[in-house]
K.L.:
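Here it is, the structure, as structure tokens.
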Amino acid sequence: MDKVFIYWDNSNIFISGQYVAAEEEGETVYGRFRIHFANLLALARNDREIERAVAVGSVPPPLRQVWNRLENEGVTVHLQERGALQGREIGVDQELQVQMLRDSLDYNGDPGIVVLLTGDGAGFMDGAGFHADLERMHRRGWRIEVLSWRHSCNRRMREWAEQNGTFIALDDFYNSVTFLEPSEPGLPPEAPRYAETLDLSKHP
């Protein structure tokens with residue numbers, strides 16, 4: 001059975017998802033938008049055994065418990081305080097990319113499936129960034145899957161993934177991989193929206 005390696009850039013997925021939420025449900029949901037971590041992980045896993053899963057993201061206090069649940073499922077999590085994340089975005093991305101390249105060397109004789117959750121294709125022309133590293137791994141025999149929002153995925157990376165692997169648009173699973181918190185006290189009352197059951201039969 002092919003080994004599955006998941007690399008998850010949560011900052012990119014979350015921020016891009018906020019814009020999708022505003023288009024789907026109106027701008028008033030912007031601050032209430034959340035990623036359903038368990039369902040997104042299940043989508044990336046797609047009923048396969050995970051050899052390694054690495055995620056990078058931020059830790060406002062409410063999210064710490066969610067990240068803890070992912071760690072309990074075997075996901076290695078690297079976190080930054082949200083206030084410090086913007087200034088360290090490149091470093092956080094590179095941390096994920098270093099893990100990708102380490103795995104490509106450690107499993108050089110037995111490549112598996114790379115499942116990358118990001119739309120960030122920056123740096124490709126300089127031989128750097130997620131897209132360049134995906135191509136390096138593909139040349140070594142790795143299969144490629146990219147999960148991202150359609151509108152925010154780097155066009156070159158998306159087209160390459162469609163031609164050389166699989167591109168999975170999170171938009172197609174929007175109601176399952178996202179949910180809305182209720183409005184905060186003092187704001188006009190808005191009901192929560194809960195995540196729907198994930199339908200993996202739609203996984204390409």
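Residue numbers count from 1 along this sequence. Heavy-atom basis, side chains included; hydrogens, waters and symmetry copies ignored.
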K.L.:
Which residues pass the salt bridge (Lys or Arg N to Asp or Glu O under 4.0 Å) test with Glu23, not counting sequence neighbours?
P.N.:
none

K.L.:
Using the side-chain hydrogen bond (donor to acceptor under 3.5 Å, both in side chains) criterion, which residues pair with Asp103? Sequence neighbours excluded.
P.N.:
Tyr7, Arg52, Gln99

K.L.:
Can you list the residues that meet the salt bridge (Lys or Arg N to Asp or Glu O under 4.0 Å) rule with Glu145, with sequence neighbours excluded?
P.N.:
Arg48

K.L.:
Under the side-chain contact (heavy atoms from CB on, under 4.5 Å) test, which residues partner Glu181, sequence neighbours left out?
P.N.:
Arg32, Arg34, Phe179

K.L.:
List the atom pairs, donor and acceptor, that lie under 3.5 Å between side-chain atoms in residues 197-204 and the rest of the protein, sequence neighbours left out.
P.N.:
unit_1	atom_1	unit_2	atom_2	d
Asp199	OD1	Ser201	N	3.1
Asp199	OD1	Ser201	OG	2.5
Asp199	OD2	Ser201	OG	3.1
Lys202	NZ	Asp172	O	2.9
His203	ND1	Asn46	ND2	3.4

K.L.:
List in chain and number order the residues that pass salt bridge (Lys or Arg N to Asp or Glu O under 4.0 Å) with Arg140, two or more places apart in sequence or in another chain; answer none if no residue qualifies.
P.N.:
none

K.L.:
Just distance, no hydrogens or angles: give the donor-acceptor pairs under 3.5 Å from side chains in residues 186-196, sequence neighbours left out.
P.N.:
unit_1	atom_1	unit_2	atom_2	d
Arg193	NE	Glu25	OE1	3.1
Arg193	NE	Glu25	OE2	3.1
Arg193	NH1	Thr178	O	3.2
Arg193	NH2	Glu25	OE2	3.2
Arg193	NH2	Thr178	OG1	2.7

K.L.:
Please, which pairs that meet ring pair (Phe, Tyr, Trp, His ring centres under 6.0 Å) have at least one residue in residues 99-120, sequence neighbours excluded?
P.N.:
Phe5-Tyr107

K.L.:
Using salt bridge (Lys or Arg N to Asp or Glu O under 4.0 Å) as the criterion, list what pairs up with Asp106, not counting sequence neighbours.
P.N.:
none

K.L.:
Holding to ring-ring contact (aromatic ring centres under 6.0 Å, His included), I want the full list of residues that pass it with Phe33, two or more places apart in sequence or in another chain.
P.N.:
Phe14

K.L.:
Can you sort out the partners of Asn72 under side-chain hydrogen bond (donor to acceptor under 3.5 Å, both in side chains), two or more places apart, ordered by chain and number?
P.N.:
none

K.L.:
Once side-chain hydrogen bond (donor to acceptor under 3.5 Å, both in side chains) is applied, do any residues pair with Tyr30, and if so which ones, sequence neighbours excluded?
P.N.:
Gln18

